[in-house]
There are 2 protein chains.
Amino acid sequence: MATIYDVATQAGVSPATVSRVLSGKTVNAVLTKKVRAAAKALGYRANRTAQSLRRQHSKLIGLIIPDIENSYFTAIARGVEDALEPAGYSVVLCNSDSDLQKESRYVDVAVSEAMAGIIIAPANAKTDLSPLLDRGRAVVVIDRDPLTVETDVVVLADRASASELTNALFELGHERIACVTGPADVETSVQRVEGWRDAHRMRGIDPAEDLLVFSDFKVAGGQTTMQRLLDLPNPPDAVFSANNLMGAGMIETLEQRRQQVGLAVFGPLPAGAAVPRSCVISGTPGREMGRLAAERLLARIVDASTPMHRDVLEAPILPDTRSRPLA
Amino acid sequence: MATIYDVATQAGVSPATVSRVLSGKTVNAVLTKKVRAAAKALGYRANRTAQSLRRQHSKLIGLIIPDIENSYFTAIARGVEDALEPAGYSVVLCNSDSDLQKESRYVDVAVSEAMAGIIIAPANAKTDLSPLLDRGRAVVVIDRDPLTVETDVVVLADRASASELTNALFELGHERIACVTGPADVETSVQRVEGWRDAHRMRGIDPAEDLLVFSDFKVAGGQTTMQRLLDLPNPPDAVFSANNLMGAGMIETLEQRRQQVGLAVFGPLPAGAAVPRSCVISGTPGREMGRLAAERLLARIVDASTPMHRDVLEAPILPDTRSRPLA
DNA sequence: GCGACATGGCAACCATCTACGACGTGGCCA
DNA sequence: TGGCCACGTCGTAGATGGTTGCCATGTCGC
């Protein structure tokens, strides 16, 4: 591998000059030309490791998400990349699997790789960001609001959107509406439950707390929960699913059993889904969220004293058409 | 950030000893204890950047895939992680979007970050791996066989499985079977077409070349292609989709238009899919593929002279049940 | 001729690893 | 019992590749 010294020798200048030319500082036009030619001839690419060591931070951004197989999060990854790639950063996508241990290992890697910044959707409320914050690393929290720590935050309007979805079920004529949400220690889970409750309260109805289930935000959880609900002595006539994957799992069960209930799903179903007759779905602007989070992060990397932002993105109900985008 | 010097001072030893303790070389037990205590007290974590610079390679593995929103590739990512994480490596997931420019940018990053190895599903046949191979970096190619270059390769039995799927449609009584595949410059695309042709030949039938469509391996491509096929004067009575996303798009169209045709899909449909009545689906062992690729890579990192392997994984037809795994 | 400014080179620096050398101890032989 | 040799263990210092503060040199203008 050609080093900056090789280029310097070839061009007949010092390594410092090569460095200056390649990082765009003012250098005599003749030398600039010579350096450029030498670099090209040798196929020189700067050693990022050495750069990172000297500069004390790399051109890597960590993106830690709890489920790589959820299209919502992959959409976020896309958005993050949209914004970061033009700025010369590379995204390191890490799947924490909602596992605190795995997550903290990735946080450690982010620290010891001297990554320029981190965008993280915390596994749950116990996620520890202090290794990053203590060292003054740029951090943006997405999707799940930690409430306590002070970072930039980009989240969805979970509660409002959940309420809107539940309300739409009422308007379709449903009366007994179950709520299937994620783990109780995840902020989005509880917020969406609150939205489900809100919709009841707005109509002066008591939410059917016996129909509130804490599941796992995954396909399998949606499947088994729907089975359990359908087998109840007094089953619900509609279900609100607090995320997309559980919604897909529920449909899977409904298809298998050839049954129908009303369904409201937070987040778009995958393409080709067997959408039930009575069904409302909200869009989740994942890509937008990723883009915004990346912009906030870039601003903070450039100037650590940038004031904190807390962005709340709408997740409106999608028009009833079959052509739902994947994310 | 505490450095190895801080730990050395605190423990009253030289930095070299600290390094030796932390990398498990034999050191006097008393000193070992002191060093460990000092490291813990200071919250020391080794600076990976400096390590990488010194060792000439990092603990990062690049995984370059053409579509992050395809569950097949995310399953691969999971498998790769399964195998690499216990070995102390971190995966850098890069989405090339089937774009040669983006892809080559990521290859450049891999080189200049001194990544320990690369697993890549090439965007198409023009993918250039020479920057990696010339520098002797460990490379494993997955999913799409470059045929020419010499690397470890892990692929699916594209042709055989495509043939099996098409044949299953014949056995369900279909006669006029369209084939919708990906871009013509992608190896898996053409292999799967060959499989579709094989199934015809085995029955002494001429494949309906007018029903062969090169599309994009994406949902939208499946949707529009299915529309076009259905609107033909002499439409097919079944369609073979050469990947999962296009299959989902086709179902989307069928649902919208409330039409039915036979369908064979290479790769599992997403959960909750509206599976047509006459439908066969093959499984794609993505996670397995990822795991295997990672193992091959690790072997090559340890010993660059390991003989090349070419692994071909079966993609068998799934039993006809609704409970299809996501990948 | 002197001062101001532009420009490029020297060398220190980033954090870690490791070859080499120094030192100490223990054993063996005279 | 003393001296020498061998071995084991730890410290010193150089190397990894690129950046940048500081200084020397050169040029231009007054």
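Quick note on labels: first sequence line is chain A, next is B, and so on, each numbered from 1.
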Round to the nearest Å and state the distance from [X] atom [atom1] to [N] atom [atom2].
X     : N      : atom1 : atom2 : answer
A/Q56 : D/dT20 : CD    : P     : 12 Å
A/L53 : D/dT20 : CG    : C1'   : 14 Å
B/L31 : C/dC23 : CG    : C1'   : 15 Å
A/R55 : D/dG17 : CZ    : C1'   : 12 Å
A/I4  : D/dT16 : CD1   : C1'   : 14 Å
A/L42 : D/dG17 : CG    : P     : 14 Å
A/N47 : C/dC14 : CG    : P     : 18 Å
A/N28 : C/dA6  : CG    : C1'   : 11 Å

Polar pair under 3.5 Å, donor/acceptor by atom type, side chain B/R20, base D/dG11: yes
Which residue lies more 5' along DNA chain D, comparing A/P15 with B/P15 via nearest heavy atoms: B/P15
Check ion pair A/E85-B/R105 (N to O, under 4.0 angstrom): yes
Touch class at under 4.0 angstrom, heavy-atom based, for A/V18 against every strand present: nothing
OP1 or OP2 of [N] under 4.0 Å from side-chain N/O of [X]:
X     : N      : answer
B/K25 : D/dT9  : no
B/Q51 : C/dA15 : no
B/Y5  : D/dA13 : no
A/R54 : C/dC13 : no
A/T3  : D/dG17 : no

With no hydrogens and no angle check, is any side-chain donor or acceptor of [X] less than 3.5 Å from a backbone partner on [Y]?
X      : Y      : value
A/D67  : A/D97  : no
A/D152 : A/H309 : yes
A/R144 : A/P122 : yes
A/S58  : A/L60  : yes

Listed nucleotide nearest any side-chain atom of A/A50, set D/dG11, D/dG17, C/dT16: D/dG17
Among D/dT19, C/dT16, D/dG11, the one nearest B/A46 by side-chain distance: C/dT16
